[in-house]
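Here's the structure, in structure tokens; my notes come after.
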Amino acid sequence: MKRLIYFGFVFIASIFLDGCYTDTISPEIEYAPQAVSFNNELAPLFKAKCTEVGCHIQGGHTPYLNDEKTSFKNILSGNYINTQFPKESTFYKYVFGEMAQYTTKDERQKIYDWIRNGATNN
């Protein structure tokens with residue numbers, strides 16, 4: 001009888017203790033964005049990864065990323081960038097989503113940092 005009471009107590013205690021478990025989700029650590037030059041770093045990246053393969057050129061996929069001046073203009077005028085909420089940017093979602101296979105982690109980070117820094121034409 002004592003064993004049954006002991007077993008019942010352990011069983012009930014385990015139910016209560018199991019109910020106290022909560023998942024903890026670690027927040028993403030956001031580091032200060034690094035300075036990124038659109039003209040010196042991103043425009044050559046876009047040319048090498050996006051236009052030379054024939055995708056983001058006139059008649060291809062938008063935004064057109066042909067050269068420094070038109071690529072910057074097309075990215076900003078097409079409402080691809082949201083500097084207030086960078087992760088909500090269409091450009092960010094493409095680069096980190098379906099286009100991620102074409103860029104490295106460091107290249108994607110540069111694009112994200114550029115958006116976080118205000119997406120300037122520097």
Side-chain angles (χ1 to χ4, degrees):
M1 183 71 174
K2 286 184 179 182
R3 283 185 178 176
L4 184 60
I5 293 172
Y6 178 72
F7 176 73
F9 178 74
V10 170
F11 179 73
I12 291 173
S14 67
I15 290 174
F16 283 113
L17 292 175
D18 186 50
C20 294
Y21 174 78
T22 58
D23 282 331
T24 54
I25 299 172
S26 300
E28 291 182 30
I29 298 172
E30 288 283 336
Y31 298 101
Q34 301 297 311
V36 178
S37 168
F38 182 83
N39 294 322
N40 295 331
E41 296 177 75
L42 295 185
L45 172 69
F46 296 151
K47 183 175 182 179
K49 302 277 180 142
C50 308
T51 63
E52 288 184 359
V53 294
C55 293
H56 288 275
I57 57 173
Q58 272 323 96
H61 301 288
T62 58
Y64 305 133
L65 304 172
N66 299 336
D67 58 48
E68 294 90 357
K69 291 179 183 178
T70 58
S71 60
F72 181 78
K73 179 183 156 205
N74 290 334
I75 291 169
L76 288 186
S77 66
N79 294 322
Y80 291 99
I81 302 295
N82 181 345
T83 57
Q84 295 293 72
F85 302 101
K87 288 186 177 180
E88 296 300 316
S89 297
T90 304
F91 202 72
Y92 172 88
K93 290 178 182 178
Y94 279 129
V95 169
F96 280 79
E98 61 190 72
M99 297 292 130
Q101 62 185 336
Y102 303 108
T103 56
T104 66
K105 183 178 178 183
D106 290 337
E107 291 167 341
R108 290 189 300 273
Q109 185 64 45
K110 282 184 183 185
I111 293 168
Y112 179 49
D113 286 346
W114 173 70
I115 296 170
R116 290 173 63 201
N117 282 325
T120 58
N121 189 9
N122 54 353

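The first residue in the sequence is number 1, and the count goes up from there. If you're wondering where the values come from, they're calculated on a predicted model, not measured in any experiment.
- Using modelled atom types and a 3.5 Å distance limit, the side chains of N74 and S71 yield no donor-acceptor pair.
- Summarising the geometry, atom CG belonging to D67 is positioned 10.0 Å from atom CG belonging to N39; distances are rounded to the nearest 0.5 Å.
- Surrounding CD of Q34 are at most 12 heavy atoms belonging to other residues, nucleotides or ligands under 6.0 Å away.
- Side-chain heavy atoms closer than 4.5 Å link hydrophobic residues (I, L, V, M, F, W, Y) into clusters, and following such links, possibly through other members, connects I115 to V95.
- Residues W114 and I81 have side chains in contact (heavy-atom distance under 4.5 Å, counting atoms from C-beta outward).
- Looking at S89 and Y112, their side chains never bring a donor and an acceptor atom within 3.5 Å of each other.
- With hydrophobic clusters built from ILVMFWY side chains whose heavy atoms lie under 4.5 angstrom apart, Y92 shares a cluster with L76.
- Between the side chain of R108 and the backbone N or O of A100, at least one donor-acceptor pair lies under 3.5 Å.
- Between F38 and the options I111, T120, N122, a side chain to side chain contact (heavy atoms under 4.5 Å, CB included) holds for only N122.
- Every residue meeting the side-chain contact (heavy atoms from CB on, under 4.5 Å) condition with E88, not counting sequence neighbours, appears here in chain and number order: N82, F85, K93.
- Under a 3.5 Å cut-off, the side chain of H56 and the backbone N or O of H61 do form a donor-acceptor pair.
- Proximity of a side-chain donor or acceptor of T104 to a complementary backbone N or O of E107 within less than 3.5 Å is detected.
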Give the C-alpha distance, both sets of side-chain angles, the deciding distance and a yes or no for side-chain contact (heavy atoms from CB on, under 4.5 Å) between K110 and L45. CA-CA 10 Å; K110 282 184 183 185; L45 172 69; 5.8 Å; no
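- Residues meeting the side chain to side chain donor-acceptor pair (under 3.5 Å) test with T90, sequence neighbours left out: none.
- A ring-centre distance under 6.0 Å is found for F91 and F46.
- Under the 4.5 Å side-chain heavy-atom criterion for Ile, Leu, Val, Met, Phe, Trp and Tyr, L42 and F96 are members of the same hydrophobic cluster.
- Under the 4.0 Å criterion applied to side-chain N and carboxylate O atoms, D113 and R116 are assigned as salt-bridge partners.
- Contact of the L65 side chain with the K47 side chain is not registered, since no non-hydrogen atoms from C-beta on lie closer than 4.5 Å.
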